[in-house]
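Presented below is the structure to which this report refers.
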Amino acid sequence: MEPTTQPVLDAHAHAVPEPLLTALAARGGIDGVTAHDTGDGWSVELPGAGPKPVRPPMYSADRRAAYRCATGIDGQLLAPWLDLQPTAAMPPDAARSWAGRVNDALLAECAASRGPGVLATVALDDVEAAAKDLEAAVRDGCAGLVLSTDPVHCTSLADPRLDPLWTVAAGLGVPVQLHPASTGPARALPDSAEFGNAYCRLVDTTFGVARLILAGVLDRFPGLRLITVHGGGFLPYQAARLDGAHRADALSAHTIGRDRPSDYLRDLYYDTVALTPEAIRFLTDAVGHDRVLLGSDSPFPLGDPQPATTVRAAGLGPDATDAVLGGNLGGLLTGSPS
């Protein structure tokens, strides 16, 4: 396939800006968050979470620029590393302050790299305040929100406590990326530790989004623009199982506005971090090419090292390929999705 003139935009990329880490180290911690230089990277620790290593591909702007050059990606929609989000152990004021610092650091990084946008993080101790913080973050330049599929202080994505946040996101028309945390519920599965990145993240996304659908969130907030990562988990590939359980099993107690849970699949967006051309082709057949966004999951090694090449190999046709490579995300970020 001939190279496209469509800008190639990555809908799923993470960063921890190095200036934020150096500020933490210089001040001996901010908002209860500490960081120190280990000599081969950084270590960062949030209250209640324990120390986490931050490797150069996550914090180095030069490494991100080199990755974009090597993959033909023109811009990345940057989200914070999920382990950088406010924890349940943080006092409310510190959590809100920290979320704002993360957003400001990412906005500065995005401006320097001329990227297409930043996904904000918010503290969820007080969801009414979180909704106002999202409005403020969008006014300050953030393109949308990233939200854990296991949000702190909530039972799940279906928790009615989140309604003020859904109201603001739908009203603003900004995308919300639903992303599993590294310590999500699937880690409780016996002997699952070594499968955390392989499958547990996908299980968490599948359960989280399925509960959101069954709780009627998409019925109550039809303007939501939700991005699911890692190809949507298992949801689009096993949607008939969910339909069957809703029709004739324990899930039949859930009342939704459409005949089947799978009727909502086209209300969602999905990235291409399903990692193979065949999976991407199946996904576009299942939900429509207008609902699929190129994603890399960089800088994680399990992401797609050449996401644009993988999309082009899926054989979607020129228009569909252009849409997936960047047209769909460009539409989302300008408020005019396909």
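The minimum heavy-atom distance linking Cys110 with Val118 is given by the pair CB-CG2, 3.5 Å. What you find for Leu124 and Ala130 is that their closest heavy atoms are CD2-CB, 4.1 Å. Across Tyr237 and Gly231, no two heavy atoms sit closer than the pair OH-O, 3.1 Å. Scanning all heavy atoms of the two residues, the minimum distance from Ala239 to Leu265 falls at CB-CD1, 3.7 Å. Closest of all the heavy-atom pairs between Pro80 and Val102 is CB-CG1, 3.8 Å. Closest approach of Ala158 and Ala215 over heavy atoms only: CB-CB, 3.5 Å.
With contacts defined as side-chain heavy-atom distances shorter than 4.5 Å, the pair His254/His246 qualifies. No side-chain heavy atom of Arg161 sits under 4.5 Å from any side-chain heavy atom of Pro151. The shortest side-chain heavy-atom distance between Thr272 and Val324 falls under the 4.5 Å cut-off. Taking the side chain as every heavy atom from C-beta outward, Val54 and Ser43 never approach each other to under 4.5 Å. Side-chain contact between Trp166 and Val176 is present, with at least one heavy-atom pair separated by less than 4.5 Å. Using a 4.5 Å heavy-atom cutoff, the side chains of Phe300 and Trp81 are in contact. Within the 4.5 Å cutoff, no side-chain heavy atoms of Leu251 are placed close to those of Asp249. With a 4.5 Å cut-off on side-chain heavy atoms, Arg64 and Pro57 do not count as touching.
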Check the pair Gln85 / Ser148 against side chain to side chain donor-acceptor pair (under 3.5 Å), numbers first and verdict last. CA-CA 9 Å; Gln85 289 197 316; Ser148 171; 5.2 Å; no
Run the numbers on Leu214 and Thr255 for side chain to side chain contact (heavy atoms under 4.5 Å, CB included), then give the verdict. CA-CA 7 Å; Leu214 292 170; Thr255 300; over 6 Å; no
For the pair Asp62 and Ser60, evaluate side chain to side chain donor-acceptor pair (under 3.5 Å) and give the outcome as yes or no after the intermediate values. CA-CA 5 Å; Asp62 289 342; Ser60 170; 5.0 Å; no
Assess the residue pair Leu165 and Leu147 against the criterion (side chain to side chain contact (heavy atoms under 4.5 Å, CB included)); give the C-alpha distance rounded to whole Å, side-chain angles, the decisive distance to 0.1 Å, and a yes or no. CA-CA 10 Å; Leu165 202 58; Leu147 188 64; 4.3 Å; yes
Determine, step by step, whether Asp125 and Arg96 satisfy the salt bridge (charged side-chain N to carboxylate O under 4.0 Å, His left out) criterion, reporting the C-alpha distance in whole Å, the side-chain angles of both residues, the deciding distance to 0.1 Å, and the verdict. CA-CA 9 Å; Asp125 309 80; Arg96 290 187 73 190; over 6 Å; no
Please step through side chain to side chain contact (heavy atoms under 4.5 Å, CB included) for the pair Glu109 and Glu18, ending with a clear verdict. CA-CA 9 Å; Glu109 169 78 11; Glu18 190 167 22; over 6 Å; no
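Counting non-hydrogen atoms of neighbouring residues, nucleotides and ligands closer than 6.0 angstrom, the NZ atom of Lys52 exceeds 12 such neighbours. Applying the 6.0 Å contact sphere to CG of Asp219 captures more than 12 heavy atoms from other residues, nucleotides or ligands. In the displayed structure, Phe207 atom CZ is contacted under 6.0 Å by at most 12 heavy atoms of other residues, nucleotides or ligands.
At a threshold of 4.5 Å between side-chain heavy atoms, the hydrophobic network of Ile, Leu, Val, Met, Phe, Trp and Tyr places Leu106 and Leu119 in two separate groups. Hydrophobic clustering (ILVMFWY, side-chain heavy atoms < 4.5 Å, transitive): Ile30 and Leu21 are in one cluster. Clustering ILVMFWY residues whenever any of their side-chain heavy atoms sit less than 4.5 angstrom apart, transitively, puts Trp98 in the very cluster that holds Leu107. Hydrophobic clustering (side-chain heavy atoms under 4.5 Å, transitive across Ile, Leu, Val, Met, Phe, Trp, Tyr) keeps Val127 apart from Met90. One hydrophobic cluster holds both Val8 and Leu316 under the rule that ILVMFWY side chains link at heavy-atom gaps under 4.5 Å.
Partner of Val138 under the side chain to side chain contact (heavy atoms under 4.5 Å, CB included) criterion, out of Asp133, Leu145, Val168, Leu172: Leu172 alone. Looking at Val217, Leu218, Leu157 one by one, the single match for side chain to side chain contact (heavy atoms under 4.5 Å, CB included) with Leu226 turns out to be Leu218. Partner of Pro180 under the side chain to side chain contact (heavy atoms under 4.5 Å, CB included) criterion, chosen from Asp150, Val203, Val229: Val229.
Atoms CG and CG, on Asp104 and Asp140 in that order, are 6.5 Å from each other to the nearest 0.5 Å. To the nearest 0.5 Å, atom OG1 of residue Thr22 and atom OH of residue Tyr59 are 11.0 Å apart. To the nearest 0.5 angstrom, Thr121 atom OG1 is 8.0 Å from Leu82 atom CG. Interatomic distance, Leu325 CG to Leu9 CG, rounded to the nearest 0.5 Å: 9.0 Å. Separating the CD atom in Gln177 from the CG atom in Leu293 is a distance of 9.5 Å, to the nearest 0.5 Å. Note that CG of Asp271 and NE2 of His12 are 6.0 Å apart. Values are rounded to the nearest 0.5 Å.
The pair Asp204-Arg201 fails the salt-bridge criterion, with no side-chain N (NZ, NE, NH1 or NH2) lying under 4.0 Å from an Asp/Glu carboxylate O. We find that Asp31 and Arg101 are joined by a salt bridge, their nearest charged nitrogen and carboxylate oxygen being less than 4.0 Å apart. With respect to the salt-bridge test (charged N to carboxylate O, under 4.0 angstrom), the residues Arg291 and Asp267 do not qualify.
Other members of the hydrophobic cluster containing Leu275, listed by chain and number, are Val273; membership follows side-chain contacts under 4.5 Å among ILVMFWY residues, whether direct or relayed.
With sequence neighbours excluded, no residue satisfies side-chain hydrogen bond (donor to acceptor under 3.5 Å, both in side chains) with Glu45.
Using a distance-only test at 3.5 Å, with no hydrogens or angles considered, a donor-acceptor pair links the side chain of Asn328 to the main chain of His289.
Taking the ring centre of Tyr264 as origin, the terminal cationic atom of Arg258 falls inside the region bounded by 6.0 Å and 45° from the ring axis.
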Which donor-acceptor pairs under 3.5 Å do the side chains of residues 277-287 make with protein atoms, sequence neighbours left out?
unit_1, atom_1, unit_2, atom_2, d
Arg281, NH1, Ala314, O, 2.8
Thr284, OG1, Ile280, O, 3.3
Thr284, OG1, Arg281, O, 2.9

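Looking at Thr71 and Gln306, their side chains never bring a donor and an acceptor atom within 3.5 Å of each other. Between the side chains of Asp304 and Thr310, a donor-acceptor pair is found at a separation under 3.5 Å.
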